[in-house]
Amino acid sequence: MHDLFVFGLSVFASLFAIINPIANVPIFMGVTSGASEASCRKIAKTATLTAFFIVLAFVLMGKYIFDFFGITIPAFKITGGLLLFYVGFELLQSKKSTIQNMSGPGGTPAPTPDFDESVAISPLAIPMLAGPGTIVAAMNYAAGHNYWYILEIVLILAFVLGLTYFAFSFSRYIYRFLGKDIILVLSKLMGLIVAILGTNMVIDGIKMAMAN
């Protein structure tokens, strides 16, 4: 039970840092600029559900993917760790987020009746939420573990994406409350955490390779 708890904390920290619900609020506001509040909620729901099923497919089919391509768990951990480190490094180097087309009373443009809601699939679900970093992290944690651990990963993924849905749904309120500077600081902090988690995965992969 203790191992499951510690494992769950690690998975949550990793997925929360990569998906980064709060830091992605300005991006969501940018791509949904001009959409009505109801449309924004629908887009948030579609984006998070789509991202969930994409990552779920990779988590459940990870073993078959490994077997088909002859990928070893140590090699995947090392490569995945390097990728996560790069994702974290990019977050640390990122420039301040800008809000596109934020004009009009209160900084919010008038709703557009024919707003294209396909932004929920791309770029929101793919690659912002279910990007390479999220998929690699989820598959990395699932590799070599039994069904209880995999179930825990799926539940944590659903929880983090649920938080993302609420962050997106109330994005304008969150942005006004926190401000762009605090959101930027949170993004940098999440980047550091992702980079550290990536380094830790590389170390684990090397240890596993040396033990075999």
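Residue numbers run from 1 in the order of the sequence given.
- Side-chain heavy atoms closer than 4.5 Å link hydrophobic residues (I, L, V, M, F, W, Y) into clusters, and following such links, possibly through other members, connects F53 to V119.
- Side chain of S10 to backbone of V6: no donor-acceptor contact under 3.5 angstrom is found.
- To the nearest 0.5 Å, atoms NZ (K77) and CD1 (I203) are separated by 12.5 Å.
- When the side chains of ILVMFWY residues are joined at heavy-atom separations under 4.5 Å, either directly or via intervening members, I19 and Y86 end up in two distinct hydrophobic clusters.
- The hydrophobic clustering, which links ILVMFWY residues whose side-chain heavy atoms are closer than 4.5 Å, places F177 and Y175 together.
- Closest heavy-atom contact between P74 and M208: CG-CB, 3.8 Å.
- Residues V59 and A138 approach most closely at CG2-CB, 3.5 Å, considering heavy atoms.
- No more than 12 heavy atoms of other residues, nucleotides or ligands sit less than 6.0 Å from atom CZ of F58.
- Side-chain atoms of T50 come within 3.5 Å of backbone N or O of T46 as a donor-acceptor pair.
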Check against side chain to side chain contact (heavy atoms under 4.5 Å, CB included), N200 and D204: CA-CA 6 Å; N200 191 56; D204 287 343; 3.7 Å; yes
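- Here the CD1 atom belonging to I78 is positioned 12.5 Å from the NZ atom belonging to K207, to the nearest 0.5 angstrom.
- Under a hydrophobic-cluster definition in which Ile, Leu, Val, Met, Phe, Trp and Tyr are linked whenever side-chain heavy atoms come within less than 4.5 Å, directly or via other members, I71 and I150 are assigned to the same cluster.
- Of all non-hydrogen atoms in L92 and K188, the two that sit nearest each other are O-NZ, 2.6 Å.
- V55 and I135 make their closest contact through CG2-CG1, 4.3 Å (heavy atoms, listed as atom of the first residue, atom of the second, distance).
- The two residues A167 and V25 come nearest to each other via the heavy atoms O-CG2, 3.8 Å.
- The CD1 atom of I193 sits 9.0 Å away from atom CG of N20, with the distance rounded to the nearest 0.5 Å.
- What you find for I156 and G8 is that their closest heavy atoms are CD1-O, 3.3 Å.
- Residues F7 and Y141 place their aromatic rings such that the two centres sit under 6.0 Å apart.
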From CA spacing to verdict: side chain to side chain contact (heavy atoms under 4.5 Å, CB included), N24, M128: CA-CA 8 Å; N24 277 327; M128 195 173 84; 3.9 Å; yes
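- With hydrogens and angles disregarded, a donor-acceptor distance shorter than 3.5 Å links the side chain of N146 to the backbone of Y149.
- Side-chain atoms of V202 and I206, non-hydrogen and from C-beta on, do get closer than 4.5 Å to each other.
- Atoms CZ and CG, from F89 and L82 in turn, are 13.5 Å apart once rounded to the nearest 0.5 Å.
- To the nearest 0.5 Å, atom CD1 of residue I22 and atom CZ of residue F16 are 6.0 Å apart.
- Taking the ring centre of F170 as origin, the terminal cationic atom of R41 falls inside the region bounded by 6.0 Å and 45° from the ring axis.
- Ring geometry for F159 against F12 counts as tilted: the plane angle lies between 30° and 60°, on a 0 to 90° scale.
- Residue Y165 holds its OH atom at 13.0 Å from CG of L163, rounded to the nearest 0.5 Å.
- Checked options I43, L129, I174; the residue passing with F168 is L129 (criterion: side-chain contact (heavy atoms from CB on, under 4.5 Å)).
- Between the side chain of T32 and the backbone N or O of A35, no donor-acceptor pair lies under 3.5 Å.
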Residue pair E37, S169: steps toward the side chain to side chain contact (heavy atoms under 4.5 Å, CB included) verdict: CA-CA 8 Å; E37 186 173 344; S169 296; over 6 Å; no
Check against side chain to side chain contact (heavy atoms under 4.5 Å, CB included), L4 and E152: CA-CA 8 Å; L4 274 173; E152 187 173 25; 3.2 Å; yes
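- Under a hydrophobic clustering in which Ile, Leu, Val, Met, Phe, Trp and Tyr are joined whenever their side-chain heavy atoms come within less than 4.5 Å, directly or via other members, L161 and L60 fall into the same cluster.
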